[in-house]
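Down below is the structure, laid out as structure tokens.
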Amino acid sequence: RTTAVSPRQIPRKSRRCPLREEAEELKILGNQKFHAKSYEAALKAYADALAVDFDDQAFRAVLHANKAAALQAMGRFCEAVMECCISRTFDKTYIRALQRRADAYLSMGDWPMAMKDLEELTPHMGEDCAAKLREAQRKVKNGATSCEHYAVLGVSGRATQSQVSKAYKSLALKFHPDKASCDAVRPASEALFKRVAEAYAVLKDASKRASYDANLAAARLRRTYSM
């Protein structure tokens with residue numbers, strides 16, 4: 001006679017194996033969507049994987065870093081930074097999270113923070129990383145401390161005032177320090193909240209925005225003639 005085994009009698013680790021497999025399948029789906037450039041679908045698949053109650057800290061780090069990759073591809077750089085910060089709370093040794101965070105900082109023109117990450121990355125990466133570090137160091141040395149405001153808010157240079165305000169409100173709520181998921185990411189929340197507020201302070205004001213746009217255009221022109 002076979003005696004039925006209660007789920008309560010199955011070791012916790014064994015019970016969670018199918019859940020880990022479920023999360024893995026969702027990750028694979030996310031990767032497929034990402035490579036097909038369906039970034040919203042990829043982001044949802046990674047988020048769904050994280051919602052599964054599996055017990056594997058290192059795999060959670062991978063999933064958060066994958067979310068960062070999708071967000072980066074969508075031009076949502078601040079959110080990509082935060083996902084990388086969360087990833088590192090699960091596995092500080094996961095180098096890809098650091099790499100993706102550095103790329104997000106570079107994309108939003110946060111040269112000081114990019115330089116900090118690149119300094120940690122360079123011993124583990126190749127010449128491409130070293131070149132990025134030299135560029136970041138040069139920018140910081142020349143006083144580049146202000147981010148690219150449109151990139152911070154995740155909007156284009158043609159964004160309407162309504163779009164700018166909507167992006168600001170969403171990000172300010174998301175990165176308010178009181179909303180931080182844990183103490184480990186609170187400093188990142190505070191820094192991103194500050195960057196978002198700085199960007200909005202310029203872009204919400206028509207005169208400041210016009211001046212900022214003129215400076216951006218002049219900088220692009222200088223780069224064109226220096227090549």
Side-chain angles (χ1 to χ4, degrees), residues 7-8 10-108 110 113-114 116-121 123-125 129 154 170-171 173-193 195-196:
R8 293 175 181 272
I10 301 173
R12 182 178 179 83
K13 186 175 181 180
S14 299
R15 290 206 312 272
R16 289 205 167 190
C17 285
L19 295 177
R20 174 61 171 76
E21 291 172 5
E22 180 185 347
E24 180 67 38
E25 289 173 3
L26 286 165
K27 172 182 173 285
I28 292 170
L29 173 63
N31 291 350
Q32 291 170 344
K33 295 297 184 182
F34 182 89
H35 292 302
K37 299 185 178 181
S38 298
Y39 301 122
E40 284 279 9
L43 188 63
K44 182 180 184 304
Y46 298 138
D48 288 346
L50 282 164
V52 177
D53 186 25
F54 63 88
D55 185 17
D56 186 334
Q57 299 286 84
F59 188 53
R60 287 194 177 277
V62 171
L63 289 169
H64 280 289
N66 283 10
K67 282 185 70 179
L71 289 163
Q72 170 84 2
M74 295 161 66
R76 293 161 60 178
F77 307 121
C78 284
E79 291 169 88
V81 166
M82 180 53 68
E83 287 299 328
C84 291
C85 291
I86 296 171
S87 173
R88 284 169 64 79
T89 67
F90 288 104
D91 184 359
K92 198 173 179 69
T93 67
Y94 187 51
I95 203 73
R96 189 158 292 179
L98 187 64
Q99 183 181 16
R100 288 174 180 166
R101 188 172 70 181
D103 285 340
Y105 280 136
L106 289 171
S107 295
M108 56 197 269
D110 193 334
M113 293 304 293
K116 183 178 177 181
D117 280 352
L118 290 166
E119 285 173 342
E120 187 175 344
L121 270 173
H124 309 283
M125 308 297 286
C129 183
S170 174
L171 292 174
L173 181 63
K174 192 168 293 185
F175 297 130
H176 193 285
D178 290 345
K179 299 282 187 179
S181 59
C182 63
D183 289 341
V185 299
R186 192 178 303 279
S189 290
E190 292 172 349
L192 290 170
F193 185 79
R195 291 302 196 191
V196 167

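Scope of the values below: all heavy atoms of this structure, side chains included, with no hydrogens, waters or symmetry mates. Keep in mind that what you see is a predicted model, and the values were worked out from it rather than measured.
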If I take atom NZ from residue Lys179 and atom CG from residue Leu173, how far apart are they, to the nearest 0.5 angstrom? 5.0 Å
With sequence neighbours excluded, what pairs up with Glu24 under the salt bridge (Lys or Arg N to Asp or Glu O under 4.0 Å) test? Arg20
Inspect the surroundings of NZ in Lys33 and state if more than 12 heavy atoms from other residues, nucleotides or ligands are less than 6.0 Å away. no
With sequence neighbours excluded, residues passing side chain to side chain contact (heavy atoms under 4.5 Å, CB included) with Glu190: Pro177, Arg186
Residue list, salt bridge (Lys or Arg N to Asp or Glu O under 4.0 Å) with Arg88, at least two apart or on another chain: Glu120
Short question: side chain of Tyr46, backbone of Leu29 - any donor-acceptor pair under 3.5 Å? no
Separation between SG of Cys84 and CZ of Arg96, rounded to the nearest 0.5 Å: 11.5 Å
Could you give the distance from CG (Leu192) to SG (Cys78), rounded to the nearest 0.5 Å? 5.0 Å
As an exercise, state the distance from CZ of Phe34 to CG of Leu43, rounded to the nearest 0.5 Å. 11.0 Å
Holding to side-chain hydrogen bond (donor to acceptor under 3.5 Å, both in side chains), I want the full list of residues that pass it with Lys44, two or more places apart in sequence or in another chain. Asp48
What residues, two or more places apart in sequence or in another chain, satisfy side-chain hydrogen bond (donor to acceptor under 3.5 Å, both in side chains) together with Arg101? Asp117
Decide yes or no on side-chain contact (heavy atoms from CB on, under 4.5 Å) for Tyr105 and Val81, but give the supporting numbers first. CA-CA 7 Å; Tyr105 280 136; Val81 166; 3.4 Å; yes
Dump the intermediate steps for side-chain contact (heavy atoms from CB on, under 4.5 Å) on Leu98 and His124, then the final yes or no. CA-CA 11 Å; Leu98 187 64; His124 309 283; over 6 Å; no
In terms of ring plane angle, is the pair His176 and Phe193 parallel, tilted or perpendicular, where the classes change at 30° and 60°? perpendicular
Rounded distance [0.5 Å steps], CD1 in Ile95 versus CG in Leu121: 5.0 Å
Closest approach of Ala114 to Leu106 (non-hydrogen atoms, all atoms of both residues): CB-CD2, 3.7 Å
Those residues at least two apart in sequence (or on a different chain) that pass side-chain hydrogen bond (donor to acceptor under 3.5 Å, both in side chains) with Ser189 are none
How far apart are the closest heavy atoms of Ala180 and Val185, and which atoms are they? CB-CG2, 4.3 Å
Asp103 side, atom CG; Phe77 side, atom CZ - distance, nearest 0.5 Å: 10.0 Å
Ala65: what forms a side chain to side chain contact (heavy atoms under 4.5 Å, CB included) with it, not counting sequence neighbours? Ser87, Tyr94, Ala97, Arg100
Can you check side-chain contact (heavy atoms from CB on, under 4.5 Å) on His64 and Phe90, steps first, answer last? CA-CA 9 Å; His64 280 289; Phe90 288 104; 3.7 Å; yes
Applying side-chain hydrogen bond (donor to acceptor under 3.5 Å, both in side chains) to Gln32 and not counting sequence neighbours gives none
With sequence neighbours left out, the residues meeting side chain to side chain contact (heavy atoms under 4.5 Å, CB included) with Ala23 are Ala49, Val52, Phe54, Phe59
Taking it one step at a time, do Gln57 and Asp91 satisfy side-chain contact (heavy atoms from CB on, under 4.5 Å)? CA-CA 7 Å; Gln57 299 286 84; Asp91 184 359; over 6 Å; no
Could you work out, with side chain to side chain contact (heavy atoms under 4.5 Å, CB included) as the rule, every residue matching Ala191, not counting sequence neighbours? none
Among pairs that include at least one residue of residues 78-87, which meet salt bridge (Lys or Arg N to Asp or Glu O under 4.0 Å), considering only residues two or more places apart or in two chains? Lys67-Glu83, Arg76-Glu79, Glu79-Lys174
